[in-house]
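All values derive from a computational prediction rather than experimental measurement. Just so it is clear: chains get the letters A, B, ... in the order the sequence lines come, proteins before strands, and each one is counted from 1.
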There are 2 protein chains.
Amino acid sequence: MKDLTEMLKGVLEGVVLQKIHAGETYGYEITKYLNELGFEDIVEGTVYTILVRIEKKGLVDIEKKKSELGPARKFYKLNVKGEEELKGFWKRWAFIEEKMNVIREQKDV
Amino acid sequence: MKDLTEMLKGVLEGVVLQKIHAGETYGYEITKYLNELGFEDIVEGTVYTILVRIEKKGLVDIEKKKSELGPARKFYKLNVKGEEELKGFWKRWAFIEEKMNVIREQKDV
DNA sequence: ACCACTATATAGTATTACAAAGTAGTTAAC
DNA sequence: GTTAACTACTTTGTAATACTATATAGTGGT
C-alpha cells in the first residue's frame, strides 16, 4: 500500500507499544512483524527512532540479551506508564474510527 | 479528546475532501462542521491551510460567492482528480483500519 | 463607537515517519 | 581468509502535516 506515511503518523508508535505489550520484544523483530503484517515499507530506521522515543518518554523497561545470531538484542517491556499510554492510544483510535464512520456516511444536507 | 493532533495527520485532509464531496462548501462552514462532530480543537487556520493545499494539488474547483453575513465565501467543489484522491484516501483508511484490528487482537506467541 | 459573529489568509513551530548511511556480530561459501 | 548474507542497533537529516498566532475585513446590533 502506497502513500501510507502521513496516515501512520500518530499510529505507528501505538502499534509498536501494542506489539511490546503483547510480549517482550526487540527492534529487529518488531520490524519483521510489521513487514509481514502488510506494512512492507517500514524499515528498521523507522522502528528504532520510535523505540528511542518511547524510551525517552519513559514508557518502557529495557534489558539487553545476547543473541545466537548477531549482536545483542535490546528487549523492550512496557512499564506502568507505557500501559497507560497504550490505553490512551486505543481510546484516541476508537474516537477517530467512530468519527470517520460518521463522516463517511454523511449525506448532503 | 486530547492529543489527537498526530493521529489526525494524513486523515484530516481526507475528511475535508469527504465533506466537500458531500456538497459544495467553504472553510468556515467546514470548521464548524468538524467542531460539532467532536473535533473541538480544530480551528479555522488548520482548515484553511488544508484548503490551500488541496487547491495547489489541483483537487478542487473554486467559486467565490457573496455572503449576507460577512466577507465573500470561497466555495470548494471536488473535480475529477479530487474524487480520485478521495477514493485513494478511503482505500488507505480501510487498509489501516483492518491492520489495526489485527494488531489489537494479537496475542503473545 | 464598540462588540460579536462571519470569513479568509499566512508566517512560524513542533512532531513525526522515513531516507540514508554507518557499525557490529555470526555463519557459510568460495 | 575474505566475501557475502543475515541479524541487530544507531544516528543525521528531510519532507509533510496539524497547529499557533496574528492579521484583515464585512455585517449587524447596542
Side-chain angles (χ1 to χ4, degrees), chain A residues 1-17 24-36 39-57 60 62-76 85 89 92 96 99, chain B residues 1-17 24-36 39-57 60 62-76 85 89 92 96 99:
Chain A
M1 176 71 55
K2 282 179 182 177
D3 298 325
L4 234 53
T5 299
E6 291 306 323
M7 209 176 265
L8 283 175
K9 287 186 180 175
V11 175
L12 203 49
E13 182 179 309
V15 170
V16 170
L17 288 176
E24 204 181 39
T25 184
Y26 56 97
Y28 192 79
E29 191 178 53
I30 295 170
T31 308
K32 294 298 163 202
Y33 166 75
L34 292 173
N35 293 155
E36 281 166 25
F39 296 109
E40 295 165 5
D41 297 332
I42 293 176
V43 293
E44 289 140 18
T46 301
V47 173
Y48 286 112
T49 51
I50 292 169
L51 291 174
V52 169
R53 200 159 71 225
I54 65 179
E55 183 186 350
K56 279 184 184 164
K57 285 183 186 171
V60 283
I62 300 176
E63 204 182 338
K64 217 162 191 173
K65 293 180 189 177
K66 281 180 185 165
S67 166
E68 321 85 42
L69 294 161
R73 296 166 175 164
K74 274 180 77 176
F75 280 86
Y76 293 82
E85 176 59 32
F89 167 76
R92 291 195 297 279
I96 299 261
K99 299 305 177 189
Chain B
M1 179 69 56
K2 282 179 180 177
D3 298 325
L4 234 53
T5 298
E6 292 306 323
M7 210 177 265
L8 284 175
K9 287 185 179 176
V11 175
L12 202 49
E13 182 179 308
V15 170
V16 170
L17 289 177
E24 204 181 40
T25 184
Y26 56 99
Y28 193 78
E29 191 177 52
I30 294 170
T31 309
K32 294 298 164 204
Y33 167 73
L34 292 173
N35 293 155
E36 281 166 25
F39 295 108
E40 295 165 5
D41 298 331
I42 293 176
V43 294
E44 289 136 17
T46 300
V47 174
Y48 286 113
T49 52
I50 291 170
L51 291 174
V52 169
R53 199 158 72 224
I54 65 179
E55 183 186 351
K56 279 183 184 166
K57 286 184 188 171
V60 284
I62 301 176
E63 205 182 336
K64 216 161 191 175
K65 294 180 186 175
K66 280 180 187 167
S67 166
E68 320 85 43
L69 294 162
R73 295 165 177 166
K74 273 178 77 174
F75 280 86
Y76 293 81
E85 176 59 33
F89 166 75
R92 291 195 298 277
I96 299 261
K99 298 305 177 189

K.L.:
What's the shortest heavy-atom distance between M1(B) and R92(A), and which atoms?
P.N.:
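Smallest heavy-atom distance, with atoms named: SD-CG, 3.9 Å.
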
K.L.:
Working note: E85(A) + K57(A), criterion salt bridge (charged side-chain N to carboxylate O under 4.0 Å, His left out); need CA distance, chi angles, decisive distance, verdict.
P.N.:
CA-CA 10 Å; E85(A) 176 59 32; K57(A) 285 183 186 171; 5.6 Å; no

K.L.:
How far apart are the closest heavy atoms of I96(A) and M7(B), and which atoms are they?
P.N.:
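That would be CG1-SD, 3.7 Å.
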
K.L.:
Counting the atoms with a prime plus P, OP1 and OP2 as sugar-phosphate, which does T46(A) contact under 4.0 Å by heavy atoms, base, sugar-phosphate, or nothing?
P.N.:
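Base, at least one base atom sits under 4.0 Å.
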
K.L.:
Between I54(A) (CD1) and dT15(C) (P), how many Å, whole number?
P.N.:
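My rounded result for the distance is 17 Å.
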
K.L.:
Take atom NZ of K66(A) and atom P of dT26(C), then tell me their distance rounded to the nearest Å.
P.N.:
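Computing the K66(A):NZ to dT26(C):P distance gives 9 Å.
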
K.L.:
Looking at I42(B) and T31(B), what are the two nearest heavy atoms and their distance?
P.N.:
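Heavy atoms of I42(B) and T31(B) come nearest at O-CG2, 3.8 Å.
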
K.L.:
Tell me: CD of E6(B) to C1' of dA14(C), nearest whole Å?
P.N.:
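One finds 8 Å between C1' of dA14(C) and CD of E6(B), rounded.
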
K.L.:
Using side chain to side chain contact (heavy atoms under 4.5 Å, CB included) as the criterion, point out the one residue from V16(A), L12(A), L51(A) that pairs with T46(A).
P.N.:
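So, applying the side chain to side chain contact (heavy atoms under 4.5 Å, CB included) to T46(A) and each of V16(A), L12(A), L51(A), only L12(A) qualifies.
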
K.L.:
Would you classify L69(B) as touching base, sugar-phosphate or nothing, given that sugar-phosphate means primed atoms plus P, OP1 and OP2, and contacts are heavy atoms under 4.0 Å?
P.N.:
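Base: the residue L69(B), judged by heavy atoms under 4.0 Å, touches a nucleobase.
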
K.L.:
Which part of the nucleic acid, if any, lies within contact of S67(A), taking any heavy atom under 4.0 Å across all strands shown: a base, the sugar-phosphate backbone alone, or nothing?
P.N.:
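Sugar-phosphate contact only.
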
K.L.:
Please report the distance, rounded to the nearest Å, between CD in E13(A) and C1' in dC18(C).
P.N.:
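Checked: the CD to C1' distance equals 15 Å.
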
K.L.:
How would you label the contact of G27(A) with the nucleic acid (heavy atoms, under 4.0 Å): base, sugar-phosphate, or nothing?
P.N.:
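Answer is sugar-phosphate: G27(A) comes under 4.0 Å of backbone atoms only.
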
K.L.:
For Y28(B), is the NZ or CZ atom of K32(B) found under 6.0 angstrom from the centre of its six-membered ring and inside 45 degrees of the ring axis?
P.N.:
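Yes, a cation-pi geometry.
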
K.L.:
Take atom OH of Y28(A) and atom C1' of dT23(C), then tell me their distance rounded to the nearest Å.
P.N.:
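Those two atoms, OH and C1', are 15 Å apart.
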
K.L.:
For the pair made of CG in L4(A) and P in dA19(C), what is the distance, rounded to whole Å?
P.N.:
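In whole Å, dA19(C) P and L4(A) CG are 12 Å from each other.
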
K.L.:
If you assign each of K9(B) and K32(A) to its closest nucleotide in DNA chain D, which residue comes earlier from the 5' end?
P.N.:
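Counting from the 5' end, the first nearest nucleotide belongs to K32(A).
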
K.L.:
So what does E29(B) hit on the nucleic acid, given a heavy-atom distance under 4.0 Å: a base, only sugar-phosphate, or nothing?
P.N.:
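E29(B): no heavy atom of the nucleic acid under 4.0 Å.
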
K.L.:
Evaluate whether atom NZ of K65(B) has more than 12 neighbouring non-hydrogen atoms of other residues, nucleotides or ligands under 6.0 angstrom away.
P.N.:
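Above 12, so yes.
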
K.L.:
5'-most contact on DNA chain D: V52(A) or L12(B), nearest heavy atom basis?
P.N.:
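In this pair, the answer is V52(A).
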
K.L.:
Which whole-number value in Å describes the distance from R73(A) CZ to dT23(C) C1'?
P.N.:
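For the pair R73(A) CZ and dT23(C) C1', the rounded distance is 18 Å.
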
K.L.:
Pick the closest DNA chain C nucleotide for T49(B) and for E68(A) by heavy atoms, then say which residue is nearer the 5' end.
P.N.:
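By nearest-heavy-atom nucleotide position, the 5'-most residue is T49(B).
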
K.L.:
Whole-Å distance between dA17(C) P and I42(A) CD1?
P.N.:
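It is 9 Å, rounded to the nearest whole Å.
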
K.L.:
F39(B) and K99(A): which non-hydrogen atoms are nearest, and at how many Å?
P.N.:
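In terms of heavy atoms, the two residues are closest at CZ-CB, 3.6 Å.
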
K.L.:
Which atom names give the shortest non-hydrogen contact between E6(B) and G10(A), and what distance separates them?
P.N.:
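In this case the closest contact between E6(B) and G10(A) is CB-CA, 3.7 Å.
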
K.L.:
Mind listing the closest non-hydrogen atom pair of N35(B) and E40(B) along with its distance?
P.N.:
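The answer is ND2-O, 3.7 Å.
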
K.L.:
Using chain A heavy atoms and a threshold of under 4.0 Å, write down where along DNA chain D the contacts begin and end, 5' to 3'.
P.N.:
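The contacted stretch runs from dT7(D) to dT17(D).
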
K.L.:
How would you label the contact of L51(B) with the nucleic acid (heavy atoms, under 4.0 Å): base, sugar-phosphate, or nothing?
P.N.:
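No contact.
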
K.L.:
Per the end-axis method with five pairs at each terminus, what is the bend angle of the helix from dA1(C)-dT30(D) to dC30(C)-dG1(D), to 10°?
P.N.:
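Both end axes considered, the difference amounts to 10°.
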
